[in-house]
Amino acid sequence: MKEQIIRVVSGALDRAQASAELRPAAVRPRIVVEEPRADAHGDFSTNLAMVLASKQKMAPRKIAEILIAHMHDTDGLFADVAIAGPGFINFFVRPAAWHTVLKRIHEHGPRYGASEMGRGRKIQVEFVSSNPTGPLHVGHGRGAAVGDSVARILSCCGYMVQREYYINDSGRQIETLGRSVYLRLQEHLGQRVEFPSTCYQGDYIRELAREMAADDGRHLMELPPEEAVARCARYACEKILAGIRRDLASFGVAFDRWFSEQSLYDSGRVAQTIEAFRDRGLVYENDGALWFKSTAFGDEKDRVVVRKNGQTTYFASDIAYHQEKFERGFDRVIDVWGADHHGYIARMTAAIEAGGIARDRFSVILVQLVNLLRAGQPVAMSTRAGEFDRLSDVIGEVGRDAARFIFLSRHHDSTLDFDLELAKQKTNDNPVYYVQYVHARIASILRKARRQGIDRTDWDEQAVACLTAPEETTLIKAMARYPETVQTSAELLEPHRISYFLMDLAAIFHAYYNRHRVLVADPQLSRGRLCLVLAVQQVIRNGLALLGVTAPEKM
RNA sequence: GCGCCUGUAGCUCAGCUGGAUAGAGCAACGGACUUCUAAUCCGUAGGUCACAGGUUCGAAUCCUGUCAGGCGUACCA
């Protein structure tokens, strides 16, 4: 609907300029159409006359008059177009014109809200990428929900999306993992060992050690320690990764590709990247280490890629990794990171630009941390004791839908309080159920309709013409906003906009439901209302799908 | 010190990249189940948009500064 109005306004501007009543502008202003808060200001309004005023050297209200005179309402949308305030043009849409929105929803079904904004461009979303040194915790859960939802939204907007998980299966932390398991294994086999605080403290390390002991633990002890540690590392890494995959699967998150950091070393890719940088003078030696000139690309200081001891840094493999991503043909690459990594953005962007890729093709979604609470009290989480607020526990306790919805109920820039008790509550406090309830209620209406022998739920133009109640128009107006909401959340990479949209639509529906009955004596009106609530159900389902939340038939 | 993020109702948060009189939910108070699911709805009350300047027809939104909180500032990952 908004697009149609933009077209009307845009056409009026063209004609006004063609007729020389308005002088042609060098730069055409972006036409902004908004929905005013107050009903008295109509269904839509544009500020175009005021934007043009200074350039045209004309009073805004005068410009508004000219624009209105040149408007062609070919679709018969408007009951009235009025000038108000300092020069707003307000549009009052005929109630019947709103019915075309309903028709569109019926026609497009699951594709309502989809667009070709992405024009098939390839885009990659890399998220979670948690180190395989321990199980996923709630913070990863938020990253998983955000990454997956962003991927769903982009895909809905016509991008070819790939979901990727980067496995840090190389370097010191993996060695530490191996040593941790090795020491616990020795301990398990009755040896007295000193377990350093630098090792991973969690109970899952003991479990892994027990498993290995049951397998071929004693045989391992006969190997040279270095080899035994390496074996422990490989075993633990695989096991933990399997657990991560399991947790993600139960969270409804599926990756298209799991990319191993080690593979970048095995293929010589990291070394090649460094050499390429060396050839182009992008690195230099200092204090025995090799530095990347990231300051030349906007970073605040240069960064080490090869340490004095000859080992490459994590950053080095990350540069190679991101170059490799773009070589795979992605137009855009999006990384979802925990907010504690924000200091890393400047150098990563610098490295990408140094590799000859425009910096705006890379973006990072920083996800702020999650405070896990229980009835308002913080849930104790001690990394030292190795106790995690595990994602699997949280999903087990509150369920996948509630967890996902809550993770997506805040802007990713703000910290999130996740209250386990609240998440289980089935009240208004907990918006998941509030939204899902709409879907279930409508399903219930349909069941009743079928019992009454009404089995036609297809589009019925005449029946829909009966929908004249103001609550009905409000409902349709809300649904008309959906496609735009999806596009905005795709542009800004902000899935929470979908959550808020759904809560808003749900509130409007519940109010309607309490005020009007769908199945009434008048069969024509019943059919019209059935068309209406079916559309609501469709939009709720589409929106929930973008969040990865189910739409239940019964609750 | 420097950098990034945040500051909106008692609490938790939206606010459509500058629009008209500031928006929800929770908590408080008062109402609505013989109906298609009350996991719902209706109403009342609640505000110096941290503070001070600036930009313009117009600012919660943009710019500068101040204050407060979070995070970061490795030859760790």
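All figures in this text were calculated on a predicted structure; none of them were measured in a lab. Per chain, numbering begins at 1; letters A, B, ... match sequence-line order.
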Does [X] reach a base, just sugar-phosphate, or nothing at all? Heavy atoms under 4.0 Å.
X	value
A:Asn47	base
A:Asn90	base
A:Glu35	base

Pair of N/O donor and acceptor under 3.5 Å linking B:rA77 base with A:Thr133 side chain
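A donor-acceptor contact between them is absent.
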Counting only side-chain N and O atoms of A:Arg441, is one of them less than 4.0 Å from OP1 or OP2 of B:rA38?
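Affirmative; the distance criterion is met.
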Reckon A:Tyr433 has a side-chain N or O less than 4.0 Å from the OP1 or OP2 of B:rA38?
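So the side chain of A:Tyr433 is outside the cut-off, no N or O lying under 4.0 Å from OP1 or OP2 of B:rA38.
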For A:Tyr434 and B:rA39, is the gap between ring centres under 5.5 Å while the planes differ by less than 30°?
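So no, this residue does not stack on that base, at least one cut-off failing.
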Once each nucleotide of nucleotides 8-14 of chain B is scored for protein heavy atoms under 4.0 Å, what B/S/- sequence comes out, 5' to 3'?
----SSS
Tell me, please, which residues at least two apart from A:Arg234 pass side chain to side chain donor-acceptor pair (under 3.5 Å).
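Applying side chain to side chain donor-acceptor pair (under 3.5 Å) to A:Arg234 gives none.
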Kindly write out the residues that satisfy side chain to side chain donor-acceptor pair (under 3.5 Å) with A:Asn286, not counting sequence neighbours, or none if the list is empty.
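Scan of A:Asn286 (side chain to side chain donor-acceptor pair (under 3.5 Å), adjacent residues dropped) gives none.
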Is RNA chain B part of any stem, that is, at least 3 consecutive Watson-Crick or G-U pairs with both distances under 3.5 Å, and where?
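Stems for RNA chain B, defined as runs of 3 or more consecutive pairs: B:1-7 with B:67-73, B:10-13 with B:23-26, B:28-32 with B:40-44, B:50-54 with B:62-66.
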When you compare the side chains of A:Ser317 and A:Glu261, does any donor N or O come within less than 3.5 Å of an acceptor on the partner?
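The criterion, which ignores hydrogens and geometry beyond distance, is satisfied for A:Glu261 and A:Ser317.
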In terms of side-chain geometry, is the basic nitrogen of A:Glu35 or A:Lys477 positioned less than 4.0 Å from the acidic oxygen of its partner?
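Not counted as a salt bridge, because no side-chain N and carboxylate O are separated by less than 4.0 Å.
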Selection: residues 339-348 of chain A, any non-hydrogen atom under 4.0 Å of RNA chain B
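When residues 339-348 of chain A is checked for heavy atoms under 4.0 Å from RNA chain B, the hits, listed by number, are A:Ala339, A:Asp340, A:His341, A:His342, A:Gly343, A:Tyr344.
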Interface residues of residues 504-516 of chain A with RNA chain B (non-hydrogen, below 4.0 angstrom)
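By residue number: A:His510, A:Ala511, A:Tyr513, A:Asn514, A:His516.
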Output field: ring centroids A:Phe407/A:Phe418 closer than 6.0 Å
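For A:Phe407 and A:Phe418, the ring centres are under 6.0 Å apart.
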